[in-house]
Protein chains: 2
Amino acid sequence: MSDSSSADSPITLHLAYLLAQANREINRQLDARLRAEGVPVEQWRILKLLSDGNGRSMGELAENALLNHPTLTKTIDRMVADSLVYRISDPADRRKVLIYCSDRGKALARKLAPLALDQEAHIVNSYGDKATAQLKRLLETLIERAG
Amino acid sequence: MSDSSSADSPITLHLAYLLAQANREINRQLDARLRAEGVPVEQWRILKLLSDGNGRSMGELAENALLNHPTLTKTIDRMVADSLVYRISDPADRRKVLIYCSDRGKALARKLAPLALDQEAHIVNSYGDKATAQLKRLLETLIERAG
DNA sequence: TGTGAACTATTGAAAATTCAACTTTCCAGC
DNA sequence: GCTGGAAAGTTGAATTTTCAATAGTTCACA
């Protein structure tokens, strides 16, 4: 009988590798569009998260923007310097700092949103409506399980 | 009628975001296991790629290890310092540099492979055999289309 | 055969990220 | 009310990554 337990599959078939590869490619495309407007993807994510719901703590933002705390602190520093967002100490818990989008930040988010949607539309276009929906569903449940 | 074209979906539903999130989570888990052995994921990928086929050029490796050239050069520098791999100028094209795994590197790759497989096994276990296979298939074709 | 364009890899400076330590604030239990 | 431990954010040093420029090879073609 064949011994599949010792047949070590190439890394190109590992789930972790496939995810890294797909992520790299898709985010590279998105980054190219956004950088043409002078905005790195991390900042786009933050702007979009805030326009989905303004006024979030650093911890919440770090979690959702997929950044760890010190990185987020420094990214927010840059965005504050660019007047895209501002900090306000949370009156309900003064350990926390809440981040808000400025008008300038909101305007930028509105300008960038179509770029991101258009990129996704292009993918859906060449990849298929159903396949994309299915992929999203699978990713959502994977994240849910893994988290 | 409802105007779905202007309904801007939250970023948590964007494909690029879902991929980034899933990738972060799965790779975080893998990284935790590998770092316990003192090896960052990038180095694991390189070791595994070389054990799948020894003697690759920097360009080929960069492509497959999902690293850009200068980053790979410096990563290989570290691995050479640790005697995991070595460089040989390609006799057929002296612009190229071929990377080979040392015996030490091969031994490390053999030691690490079960960790990576075991992690995947855990995912398959909680996530389901079919769902995993389906996800992999979708990712493969997405990468193919996007590339 | 020799010249210039394209390709491969590396380098050094600049920028971003990470790690560990630190400050401030909150809260549970005494 | 105090006190000590936990939580939230920030900081500075060290590491890593990135960008732009460089050096060495190869190849097409005049």
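Residue numbers begin at 1 in each chain, while the letters A, B, ... track the order of the sequences. Keep in mind it's a predicted model, so treat the numbers as computed, not measured.
The side chain to side chain contact (heavy atoms under 4.5 Å, CB included) test applied to Thr141(B) returns Tyr127(A), not counting sequence neighbours. Residues meeting the side chain to side chain contact (heavy atoms under 4.5 Å, CB included) test with Lys74(A), sequence neighbours left out: Asp77(A), Arg78(A). Under the side chain to side chain contact (heavy atoms under 4.5 Å, CB included) criterion, Lys96(A) pairs with Ser57(A), Asp90(A), Asp93(A), sequence neighbours left out. Scored by the side chain to side chain contact (heavy atoms under 4.5 Å, CB included) test, Glu120(A) finds Val124(A), Lys136(A), His14(B), Leu15(B) as partners (sequence neighbours excluded). The salt bridge (charged side-chain N to carboxylate O under 4.0 Å, His left out) test applied to Arg104(A) returns no partner, not counting sequence neighbours. Taking Glu63(A) as the reference, nothing meets the salt bridge (charged side-chain N to carboxylate O under 4.0 Å, His left out) condition, with sequence neighbours excluded. Every residue two or more places apart in sequence or in another chain that forms a salt bridge (charged side-chain N to carboxylate O under 4.0 Å, His left out) with Arg28(A) is listed here: Glu25(A).
Rounded to the nearest 0.5 angstrom, Ile143(B) CD1 and Gln21(A) CD are separated by 4.0 Å.
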*Please walk me through it: do Asn27(A) and Asp31(A) pass side-chain hydrogen bond (donor to acceptor under 3.5 Å, both in side chains)?*
CA-CA 6 Å; Asn27(A) 269 286; Asp31(A) 204 47; over 6 Å; no
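Rounded to whole Å, the distance from CD on Glu63(A) to P on dA7(D) is 15 Å. Rounded to whole Å, atom P of dT15(D) lies 14 Å from atom CG of Asp82(B). The distance between atom CG of Asp77(B) and atom C1' of dT16(D), rounded to the nearest whole Å, is 13 Å.
For the contact set between residues 50-58 of chain A and DNA chain D, defined by any heavy atom under 4.0 Å, the members are Ser57(A), Met58(A).
Linking ILVMFWY residues whenever their side-chain heavy atoms come closer than 4.5 Å, directly or via other members, leaves Tyr17(B) and Ile123(A) in distinct clusters.
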Grab the N/O contacts between the protein and nucleotides 17-21 of chain D below 3.5 Å, and write none if there aren't any.
from, atom 1, to, atom 2, distance (Å)
dT17(D), OP2, Arg78(B), NH1, 3.4
dT18(D), OP2, Asn68(B), OD1, 3.1
dT18(D), OP2, Asn68(B), ND2, 3.2
dT18(D), OP2, Thr71(B), OG1, 3.0
dT18(D), O4, Lys74(B), NZ, 2.6

Could you pull out the protein-nucleic contacts involving nucleotides 24-28 of chain D (nitrogen or oxygen on both sides, under 3.5 Å)?
from, atom 1, to, atom 2, distance (Å)
dT26(D), OP1, Arg94(B), N, 2.8

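Between its opening and closing five pairs, the helix from dT1(C)-dA30(D) to dC30(C)-dG1(D) changes axis direction by 20°, a value rounded to 10 degrees.
Nucleotides of DNA chain C lying under 4.0 Å from heavy atoms of chain A occupy a range whose first and last members, 5' to 3', are dA16(C) to dC26(C).
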